[in-house]
*Asks:* 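Have a look at this one.
A, B, ... follow the sequence lines: proteins, then strands. Residue 1 opens every chain.
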There are 2 protein chains.
Amino acid sequence: MGFAETFKALSDPVRRDILTLLKKGSLSAGEIGSHFDMTGATISYHLSILKKADLVFENKQKNFIYYELNTSVVEEVMLWLADLKGGNDNEP
Amino acid sequence: MGFAETFKALSDPVRRDILTLLKKGSLSAGEIGSHFDMTGATISYHLSILKKADLVFENKQKNFIYYELNTSVVEEVMLWLADLKGGNDNEP
DNA sequence: AGACTATTTAGAAATTTCTCTAAATACAGG
DNA sequence: CCTGTATTTAGAGAAATTTCTAAATAGTCT
């Protein structure tokens, strides 16, 4: 719930690739994992970081867990950057 | 020159604070350092990372080095995020 | 040139991050 | 209930990051 966690989450290439994958729609942990050359445990670790940063949320169905992009947090990060760039001094 | 470096650079709170400081205008390394409770060497390390990520550029004057925010890279990051969020599939 | 100031570089220690293997949990379906 | 599949948790090792102190550069000014 702070930018710290969000930016940290975005700082890893694997996690950014996961988010890009999720752009087209929700995917199960296994489906996500199949795009990478790493164990499911490692993917699970990355997903947990994205989840803690609120960049994704999960959706249990059967015994699959589907992950979905949380665009509202992406938007918050964009606002932070816009403020940095814009130099508008009216952000609290 | 890649997002990897840029996001990594943005992932540290000290470096984000430096960028926020630079929002109001350019500052010398020493002036930046005076806002933090760390040695000048550590600030220099953070500045080098921001510089490698092209998030700031430097400007020598007398024997001071002034650092300035590079808003164009901030904009590139915003575009990446906009694409992620928007799901507009027209980005090359 | 010499002294002084500003900043960076080098090396080392503490901490954090990423990845793996192995084991645990959760749940579905016969 | 038992077996099988999907995912997470725990523990450990390797690699990267952050910070410090001490020393090196670079440039100014008398």
*Asks:* Who pairs with A:R16 by side chain to side chain donor-acceptor pair (under 3.5 Å), at least two apart in sequence or on another chain?
*Replies:* none
*Asks:* Mind calculating the distance between CG (B:D12) and C1' (D:dT18) to the nearest angstrom?
*Replies:*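 Rounding to the nearest Å, CG of B:D12 and C1' of D:dT18 are 8 Å apart.
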*Asks:* Can you measure A:D17 atom CG to C:dC18 atom P for me and round it to whole angstrom units?
*Replies:*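 My rounded result for the distance is 13 Å.
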*Asks:* Can you label the angle between the A:F7 ring and the A:W80 ring as parallel, tilted or perpendicular, going by 30° and 60°?
*Replies:* perpendicular
*Asks:* Has B:K62 got a side-chain N or O lying under 4.0 Å from the OP1 or OP2 atom of D:dC29?
*Replies:*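 So the side chain of B:K62 is within the cut-off, an N or O lying under 4.0 Å from OP1 or OP2 of D:dC29.
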*Asks:* Show which residues join A:F57 in its hydrophobic cluster (side-chain heavy-atom contacts under 4.5 Å, direct or indirect), or state none.
*Replies:* none
*Asks:* Could you encode protein contacts along nucleotides 1-16 of chain D as a string, one character per nucleotide from 5' to 3', using B for base contact, S for sugar-phosphate-only contact and - for no contact, with a heavy-atom cut-off of under 4.0 Å?
*Replies:* ----BSSBB-------
*Asks:* What residues form a side chain to side chain donor-acceptor pair (under 3.5 Å) with B:T20, not counting sequence neighbours?
*Replies:* none
*Asks:* It should be established whether A:H46 places a side-chain nitrogen or oxygen under 4.0 Å from OP1 or OP2 of nucleotide C:dT19.
*Replies:* yes
*Asks:* Go through the structure and list residues passing salt bridge (Lys or Arg N to Asp or Glu O under 4.0 Å) with A:E75, not counting sequence neighbours.
*Replies:*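 Only B:K85 meet the salt bridge (Lys or Arg N to Asp or Glu O under 4.0 Å) criterion with A:E75.
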*Asks:* Looking only at the side chain of B:T39 (C-beta and beyond, no hydrogens), which of the listed nucleotides C:dC20, D:dT21, D:dT18 gets closest?
*Replies:* D:dT21
*Asks:* Can you list every salt bridge (Lys or Arg N to Asp or Glu O under 4.0 Å) pair that touches residues 55-72 of chain B, not counting sequence neighbours?
*Replies:*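 Salt bridge (Lys or Arg N to Asp or Glu O under 4.0 Å) check on residues 55-72 of chain B returns B:K51-B:E58.
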*Asks:* Calculate the interatomic distance between A:F7 atom CZ and D:dT18 atom P; express it in whole Å.
*Replies:*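 Those two atoms, CZ and P, are 15 Å apart.
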*Asks:* A:R15 CZ to C:dC18 C1': how many Å, rounded?
*Replies:* 9 Å
